[in-house]
Amino acid sequence: VCTHTYTLIYEGKSKRVYVKNRDELILEFKDEVTARDGALRSFIRGKGIINARVSAYFFSVLNKKGIDTHFLDYDGARKMAVKKLRMLPLEVIVRNYAYGSQLKRIPLLKPLQELNPPIVEFHYKDDSLHDPLIIVDDIINSGIATHEELNFIIKTSLRINDILREVFSEAKLKLIDFKIEFGRDRDNKLILADEISGDTFRVLDDNGKHLDKEVFRRTGDPKLLIDAYIRLCEKLGIKVDDIDFHG
Ligand code: ADP
Ligand code: CDP
């Protein structure tokens with residue numbers, strides 16, 4: 001998937017979006033990481049390829065398990081062809097263990113306390129408002145999604161959680177939480193979109209070490225983050241030996 005001829009329509013914090021044709025986009029994963037609302041920012045060689053590869057891996061697994069995802073094709077490097085969707089302005093977060101913003105919101109929960117059954121929560125995707133938590137009635141009344149669509153999103157997100165947990169547990173990793181996004185296709189069908197990578201999930205290895213972006217949130221050290229992402233790939237059986245991390 002080559003981007004020379006494609007028109008750039010959006011550049012976000014971690015990806016560039018190009019138009020491939022009427023129905024398809026190219027997502028290009030950047031070698032950049034940001035955290036703490038953009039206060040921490042770093043260039044990390046190899047990070048874009050790793051996250052594209054990890055995302056392609058998980059979307060393929062989910063597609064095989066019958067989840068409708070936007071994933072069409074992966075170029076082996078940092079680009080992915082996807083179905084063009086109209087995105088819902090929502091971040092859907094699934095939590096298996098209490099962590100992060102949830103602990104800030106409800107300090108009564110203990111860090112890493114198991115949440116059984118898992119929780120699905122919605123955040124309104126707006127950087128200027130810091131992606132605030134939004135309740136179901138706000139989503140319905142504001143026309144973001146209908147009651148039926150939200151039920152579908154909750155059911156699908158929990159199914160995705162089951163599938164991801166199984167994959168991670170085979171790799172001896174514990175899935176704490178993750179963020180996903182959905183969009184509508186031409187037929188208004190809801191499709192899983194965006195990315196599934198160390199930037200968007202939290203996982204712990206059997207020593208309780210993070211193999212996700214938490215490493216960068218805590219240390220601000222790009223080198224430690226790429227090391228964690230390489231270990232994540234090794235655990236999942238995703239090859240990284242062709243990636244140039246030094247330039
Ligand atoms: P952000 O906008 O949060 O900085 P990114 O840098 O990841 O995030 O930018 C990617 C953008 O592409 C996001 O706004 C995401 O919602 C959007 N997106 C992801 N998948 C699709 C898709 N299949 N169709 C349309 N937009 C998508
Ligand atoms: O990361 P933070 O503590 O601010 O937020 P959280 O709500 O506890 O994050 C829950 C999960 O969603 C984590 O795995 C984050 O990596 C992910 N997330 C994300 O990918 N993008 C966001 N804008 C917010 C959270």
Side-chain angles (χ1 to χ4, degrees), residues 8-20 22-41 47-48 51-52 54-55 59 68-73 78-106 109 111-112 115 118-134 157 161 164 168 174-186 189-204 210-218 225 228:
L8 178 72
I9 50 162
Y10 178 78
E11 174 153 6
K13 294 183 293 295
S14 62
K15 299 190 283 302
R16 289 185 196 91
V17 183
Y18 301 86
V19 181
K20 186 178 174 197
R22 214 178 55 149
D23 297 312
E24 297 180 26
L25 300 174
I26 303 286
L27 298 186
E28 181 183 41
F29 289 68
K30 306 200 284 186
D31 281 343
E32 262 164 57
V33 60
T34 63
R36 296 197 208 139
D37 261 335
L40 278 180
R41 175 182 293 269
K47 188 228 176 209
N51 279 3
V54 169
S55 288
F59 283 130
D68 286 320
T69 86
H70 69 162
F71 177 69
L72 298 171
D73 192 24
R78 66 176 73 247
K79 293 181 206 102
M80 195 184 271
V82 300
K83 264 179 222 153
K84 181 176 169 187
L85 304 172
R86 284 168 292 125
M87 299 300 290
L88 307 188
L90 289 179
E91 304 207 321
V92 181
I93 294 178
V94 181
R95 301 184 186 275
N96 295 303
Y97 299 90
Y99 215 90
S101 71
Q102 187 187 25
L103 292 174
K104 287 197 189 121
R105 190 168 75 227
I106 326 156
L109 290 169
L112 288 174
L115 306 166
I119 288 173
V120 180
E121 66 182 45
F122 301 102
H123 290 246
Y124 175 53
K125 193 172 151 78
D126 184 327
D127 282 340
S128 69
L129 299 176
H130 314 289
D131 303 333
L133 190 73
I134 180 173
S157 301
N161 184 44
L164 296 184
F168 282 122
K174 183 157 113 173
L175 178 60
I176 302 175
D177 56 25
F178 62 91
K179 183 270 300 179
I180 46 181
E181 296 181 22
F182 290 86
R184 290 192 182 87
D185 70 6
R186 284 175 169 284
K189 198 159 77 169
L190 288 167
I191 312 275
L192 177 67
D194 205 50
E195 69 175 280
I196 301 178
S197 74
D199 277 20
T200 61
F201 54 66
R202 289 193 183 101
V203 287
L204 297 178
H210 279 275
L211 299 186
D212 59 58
K213 192 166 127 179
E214 200 62 28
V215 171
F216 183 76
R217 292 192 192 100
R218 289 183 187 184
L225 182 66

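Being a predicted model, the structure only gives us computed values, none of them experimental. Whatever order the structure lists ligands and atoms in, that order sets their numbers, starting from 1.
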Heavy-atom distances under 4.0 Å decide this one: backbone, side chain, both or neither, for [X] against ligand 2?
X    : result
D212 : neither
E214 : neither
T200 : both

Do any N or O atoms from the side chain of [X] and from the backbone of [Y] form a donor-acceptor pair under 3.5 angstrom?
X   : Y    : value
R36 : R217 : yes
T69 : L192 : no
R86 : D185 : yes

Checklist entry - How are the rings of F201 and F168 set relative to one another: parallel (under 30°), tilted (30 to 60°) or perpendicular (over 60°)? => result perpendicular
Protein contact to [atom] [nearest heavy atom, distance to 0.1 Å]:
atom                    : answer
atom 21 (C) of ligand 1 : M87 SD, 3.6 Å
atom 14 (O) of ligand 1 : Y10 CE2, 3.8 Å
atom 13 (C) of ligand 2 : D177 OD1, 3.2 Å
atom 24 (C) of ligand 2 : E91 OE1, 3.6 Å

Checklist entry - Does some non-hydrogen atom of G183 fall short of 4.0 Å from ligand 1? => result no
Checklist entry - Heavy-atom contact under 4.0 Å between K125 and ligand 1? => result yes
Item to check | Test: K79 cationic atom under 6.0 Å from F29 six-membered ring centre, within 45° of axis | outcome: no
[X] to [Y] - nearest heavy-atom pair and separation:
X    : Y    : value
P111 : L103 : CA-CD1, 3.7 Å
L112 : I176 : CD2-CD1, 3.8 Å
S101 : R95  : OG-NH2, 3.1 Å
Y124 : P89  : CD1-O, 3.5 Å

Counting heavy atoms only, name the option from [options] that's nearest to [atom].
atom                    : options             : value
atom 3 (O) of ligand 2  : K104, R217, R202    : R202
atom 17 (C) of ligand 1 : V82, D194, D131     : D194
atom 24 (N) of ligand 1 : L85, V17, I9        : L85
atom 10 (C) of ligand 1 : R184, E91, E11, K15 : K15

State whether the number of non-hydrogen atoms from other residues, nucleotides or ligands found under 6.0 Å of [X] atom [atom1] is greater than 12.
X    : atom1 : value
K84  : NZ    : no
R105 : CZ    : yes
R22  : CZ    : no

Item to check | Worked verdict on K15 versus E28 for side chain to side chain contact (heavy atoms under 4.5 Å, CB included) | outcome: CA-CA 5 Å; K15 299 190 283 302; E28 181 183 41; over 6 Å; no
Element-labelled atoms of ligand 2 that are located less than 4.0 Å from some non-hydrogen atom of [X]:
X    : value
K179 : 12 (O), 17 (C), 18 (N), 19 (C), 20 (O), 21 (N)
I93  : 7 (O), 10 (C), 12 (O)
D131 : 23 (N)
G100 : 3 (O), 8 (O)
D199 : 16 (O), 20 (O)
S101 : 3 (O), 5 (O), 6 (P), 7 (O), 8 (O)
Y99  : 8 (O)

Item to check | Proximity of H210 and F216 rings by center, below 6.0 Å | outcome: no
For ligand 1, which is the ligand I care about here, please tell me if [X] has any N or O atom under 3.5 Å from one of the ligand's N or O atoms.
X    : result
L27  : no
K84  : no
K13  : yes
D127 : no

Next on the checklist: Which of the numbered atoms in ligand 1 are under 4.0 angstrom from any heavy atom belonging to L25?
Outcome noted: 24 (N), 25 (C)
Next on the checklist: K179 and side-chain hydrogen bond (donor to acceptor under 3.5 Å, both in side chains): which single residue from D199, D194, D131 fits?
Outcome noted: D194
Next on the checklist: Heavy-atom distances under 4.0 Å decide this one: backbone, side chain, both or neither, for K30 against ligand 1?
Outcome noted: neither
Checklist entry - Is it the side chain, the backbone, both or neither of E181 that has a heavy atom closer than 4.0 Å to ligand 1? => result side chain
Checklist entry - So does K47 pair up with E32, basic N to acidic O under 4.0 Å? => result no
Checklist entry - Quick one: does N51's side chain get under 4.5 Å of E195's, heavy atoms only? => result yes
Checklist entry - For ligand 2, is R95 a contact, meaning one of its heavy atoms is under 4.0 Å away? => result yes
Checklist entry - Going by heavy atoms, is I176 under 4.0 Å from ligand 2? => result no
